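Because the structure is predicted, anything quoted here is derived from the model rather than measured.
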Amino acid sequence: VMQITLQPPADLQADSVTLPDPAEAIVGRPATFEWQVTNRGDNAASGQWTDALYLSADTAWDINDAEIGQTAISATIDPDQGYTRSMTATVPGVLPGLYHVVLRSDLYRQIRETPENRTNNTTASVGQILVDCPELLLGTTVTATGLRTGTMDYYKIPNVPANMDLLISLNTQRKDVYTQLFASHN
């Protein structure tokens, strides 16, 4: 006979997200974010779960938001206690602009909570972070020295005259690498 006992429900509440200071980031480069979560339930939250951060044009998470990263949590959080975590992650490839950072605590629902307690597992930063790309000026050359397997460099090319063709070339001296170039307009 096997007996399975469910853990009493907790209530992990996503409290806040702290943006880097200054609130600026460069696509493809690392940035550090911090967040706080509190157990507002009557029972301990104990086990392993995952928190995730996203860049969002608004304060509500949706499937189109770009994931910054995930962090595995392994802890016991007693009632009215909380935790603070930070993550340094590569800023995902998004269009330059202002974004909120959205936190989704217990992303995979690994901690038992009542359905009504799941509604507070997500919060967004109060302020916005300015995400930008370095500029690649017409007629200039960029040498990428820090690229490694699986990494990307992002650039924007300002002031391209209307009705003009733009020629972009990508060259490497190495024979043991595979490179790709993606370009888009607007």
Side-chain angles (χ1 to χ4, degrees), residues 14-37 49-74 82-108 121-161 164 166-186:
D15 290 325
S16 64
V17 178
T18 304
L19 300 175
D21 185 19
E24 299 171 351
I26 303 294
V27 169
R29 308 259 170 88
T32 301
F33 304 90
E34 185 176 281
W35 67 96
Q36 293 78 35
V37 175
W49 63 94
T50 302
D51 289 353
L53 297 175
Y54 300 84
L55 288 176
S56 179
D58 54 29
T59 58
W61 178 84
D62 67 57
I63 197 72
N64 297 311
D65 293 341
E67 184 179 282
I68 297 169
Q70 298 181 12
T71 295
I73 311 287
S74 181
Y83 62 91
T84 299
R85 292 291 189 274
S86 67
M87 172 193 307
T88 300
T90 301
V91 177
V94 295
L95 291 173
L98 289 169
Y99 293 88
H100 288 276
V101 176
V102 173
L103 163 63
R104 295 181 67 201
S105 183
D106 192 18
L107 178 65
Y108 301 114
N121 288 21
T122 300
T123 193
S125 59
V126 173
Q128 293 176 295
I129 185 168
L130 176 62
V131 178
D132 207 353
C133 297
E135 289 186 349
L136 180 59
L137 301 176
L138 293 174
T140 62
T141 300
V142 171
T143 302
T145 58
L147 287 179
R148 298 174 318 281
T149 300
T151 62
M152 297 181 205
D153 265 358
Y154 295 87
Y155 298 96
K156 63 181 177 183
I157 304 173
N159 305 319
V160 176
M164 297 292 290
L166 179 65
L167 175 64
I168 303 171
S169 58
L170 174 66
N171 300 304
T172 181
Q173 302 297 322
R174 295 184 53 182
K175 305 290 186 214
D176 60 335
V177 298
Y178 176 71
T179 56
Q180 293 180 310
L181 174 70
F182 297 96
S184 68
H185 182 260
N186 290 336

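Heavy atoms only, all atoms of each residue included: V27 and G93 are closest at CG1-CA, 3.5 Å. When all heavy atoms are compared, the tightest approach of P20 to T32 is CG-O, 3.3 Å. Between D51 and Y83, the closest heavy-atom pair is OD2-OH, 2.7 Å. Among all heavy-atom pairs drawn from T88 and P30, the shortest one is CG2-CB, 4.0 Å. Between A57 and H100, the shortest heavy-atom distance links the atoms O-CD2, 4.2 Å. Heavy-atom minimum distance, P96 versus K156: CG-CD, 4.4 Å.
Within the 4.5 Å cutoff, the side chain of E24 has no heavy atoms near those of the D132 side chain. Proximity of Y54 to E67: side-chain heavy atoms (C-beta onward) are separated by under 4.5 Å at one or more points. Proximity of V91 to I26: side-chain heavy atoms (C-beta onward) are nowhere separated by under 4.5 Å. Counting heavy atoms from C-beta on, the side chains of V102 and T122 come closer than 4.5 Å. Looking at heavy atoms from C-beta onward, P134 lies in side-chain contact with Y155 at the 4.5 angstrom threshold. With contacts defined as side-chain heavy-atom distances shorter than 4.5 Å, the pair D106/V37 does not qualify. At a threshold of 4.5 Å between non-hydrogen side-chain atoms, the residues L138 and P161 count as touching. Residues S86 and F33 are not in side-chain contact: their nearest non-hydrogen atoms beyond the backbone lie 4.5 Å or more apart.
With hydrogens and angles ignored, the 3.5 Å screen pairs no side-chain donor or acceptor of T50 with any backbone N or O of L107.
Here CD of Q70 is found 9.5 Å from CG of L53. Values are rounded to the nearest 0.5 Å. Annotation: the span from T179 atom OG1 to D153 atom CG amounts to 12.0 Å, rounded to 0.5 Å. In this structure, the separation between CG on L181 and CD1 on I168 is 5.5 Å, given to the nearest 0.5 Å. The line from CG of L136 to OG1 of T141 is 8.5 Å long, rounded to the nearest 0.5 Å. Taking CZ of R85 as the start and OG1 of T71 as the end, the distance is 8.5 Å to the nearest 0.5 Å. Taken from OG1 in T84 to CG in D15, the straight-line distance is 9.0 Å, to the nearest 0.5 Å.
Summarising the local packing, CG of N159 is surrounded by 12 or fewer heavy atoms from other residues, nucleotides or ligands at distances under 6.0 Å.
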Would Q128 and L19 satisfy side-chain contact (heavy atoms from CB on, under 4.5 Å), going step by step from the backbone distance to the final call? CA-CA 8 Å; Q128 293 176 295; L19 300 175; 5.5 Å; no
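In summary, the side chains of S105 and N121 do not present any donor paired with an acceptor at a separation below 3.5 Å, with no hydrogens or angles considered.
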